[in-house]
Amino acid sequence: MISLRWNRCRAGLAGLGIFLAFLCGCAHEVRPPSYPNIVFILADDHGAQALSAYDSPPQRSPLRTPGIDRLAREGMRFDRFCVENAICAPSRAAFLTGCMSARHGVVDNSKSFDATQPTWPALLRARGYTTAIKGKWHLKSQPVGFDDWEVLIDQGEYWNPRFVTPTGTVQREGYCTDIITERAVDFLSAQAKTQKPFALVVHHKAPHRSWQPAPRHYWMFANDDLPEPATLFDTFAKRGGASKLQSMSVAEDLTPQDLKLVPPKGLTTAQLAAWTAAHAGRVAAAQTARDAGPEAWRRFAFQTYAKDYLRCVAAVDESVQRVLGELDRLGLSENTIVIYSSDQGWFLGEHGWYDKRWMYEESLRTPFLIRWPGQVKPGSTSAALCQNIDLAPTLLAAAGVPIPERMEGRDLAPLFTDAFAAWRDAIYYRYYEEGPPHNVPAHDGLRLERLKLINFHTLSGSDAWELYDLEADPDELRDLSRIPSMAKVLQQLRQRLTELRREHGCTDLLPPR
Ligand code: CA
């Protein structure tokens, strides 16, 4: 199997070398294998329901994503790939370190990442890889472990963004997704001329709030309404109090900036002129919807925000097409692992929401697609319970680097060839942030293949628990935790949750009860 990981271009020569060495009994002459290049593309807040490779009836999005879909066609799509904390900075740190928030330390967006802890890029760099990151970093500290880095400041700007580099800050005119793509492609072109393996991290800002599309996408869906999610008008009737506490309602919490009732800041004169022409009439349309009542307003807010969100995804998909095309052109596709994922999923109007944070499926699950010629079967899927902490061990193993003990994730490789490979049967999740602006209560929980248990830490009594049967109730509308016939199941799951908290060192972080 190891030979499959070698550079196809050099595999013949290397294989012959091993064969001759074996015949001669002089194994010390064996040439070291050439390990795969890596391109890891991470979007920000890209939910699987806005990605056509994840389409399942009824279709939630009319947007086609042929670039990302190509990875599904030529590689593997993971259908139960979850994050350990559905918010930006903690998830990015988990992807880098293979550790959960309690161990990598970035429990919420306010914390600074200790970039000296072991990360897969730093370990690959020590192994001889050339490493680079282009785009969003969002971890406050400066990147460590990269030969070449060029990162947005904090959340970054959609227009004319500033990038921090090892030699200072530069501002680049244009649209953020396109600029990051060009910087990534430039890196690939330079690497194609060398013999060293490389790892390129491409981290897009899009489709993060405030969902500002490129002008070429301003008119996309202009004349069509998007399909509404079945739960757009969710009343939270059969659940405890947690879901009512949030401030992430499309009807109540989107701002005039979110709805493009005022222009974005920082545009050039030409950019502003194009924006103004495309958004003429939106203020009047918003007023008409307001006047028509709460239901019409909710529909208007959903359509307006979701269309801009999908337009931002369209540019990200074009970026993936461009990167894959460049790998083809440079002759690198055969020996390069390409992964597409997001730092967490997203509520695209489900339950009447935007944003993420919750352990509910839309934000817990995130897209994850991997293409690795010779190792991953084209067009395959996996329903295994995987997590963002699995990325680092997977990439280290691919490069022949020992996986540090502290990493809590697992190498995904057994799943590439065997859909029934032994794998974990539960994942642990924990969300720490609390209070404004979104007021989602802190919680943790476990997800099994069929059942999910959530514990809200600052609620009390029966409202502190939610239990869902994901097979019978995939939209998580009926909390079963107070159903008498489920008492024994609830007790078993609570015991299992206690074990998982202990396993991941999370018991001390629970607030006193
Ligand atoms: Ca995010």
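The shown structure was predicted, so the numbers you read here are calculated from the model rather than taken from an experiment. Atoms within each ligand, like the ligands themselves, are counted from 1 in listed order.
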Next on the checklist: I'd like the atom name of the N/O/S atom in Asp45 lying closest to the Ca ion (ligand 1).
Outcome noted: OD1

Item to check | For Asp69, salt bridge (charged side-chain N to carboxylate O under 4.0 Å, His left out) partners two or more places apart | outcome: none

Checklist entry - Under 3.0 Å from the Ca ion (ligand 1), is there an N/O/S atom belonging to Cys88? => result yes

Item to check | Plane angle bin for Phe146 and Trp137 - parallel if under 30°, tilted between 30 and 60°, otherwise perpendicular | outcome: perpendicular

Checklist entry - Residues two or more places apart in sequence or in another chain: which of them pass side-chain contact (heavy atoms from CB on, under 4.5 Å) with Arg103? => result Cys99, Arg406, Glu408

Next on the checklist: Both conditions, 6.0 Å and 45 degrees, for the charged tip of Arg77 above the ring of Tyr54: are they met here?
Outcome noted: yes

Checklist entry - Where the Ca ion (ligand 1) is the corner point, what angle links OD1 of Asp44 with OD1 of Asp343, to 10°? => result 90°

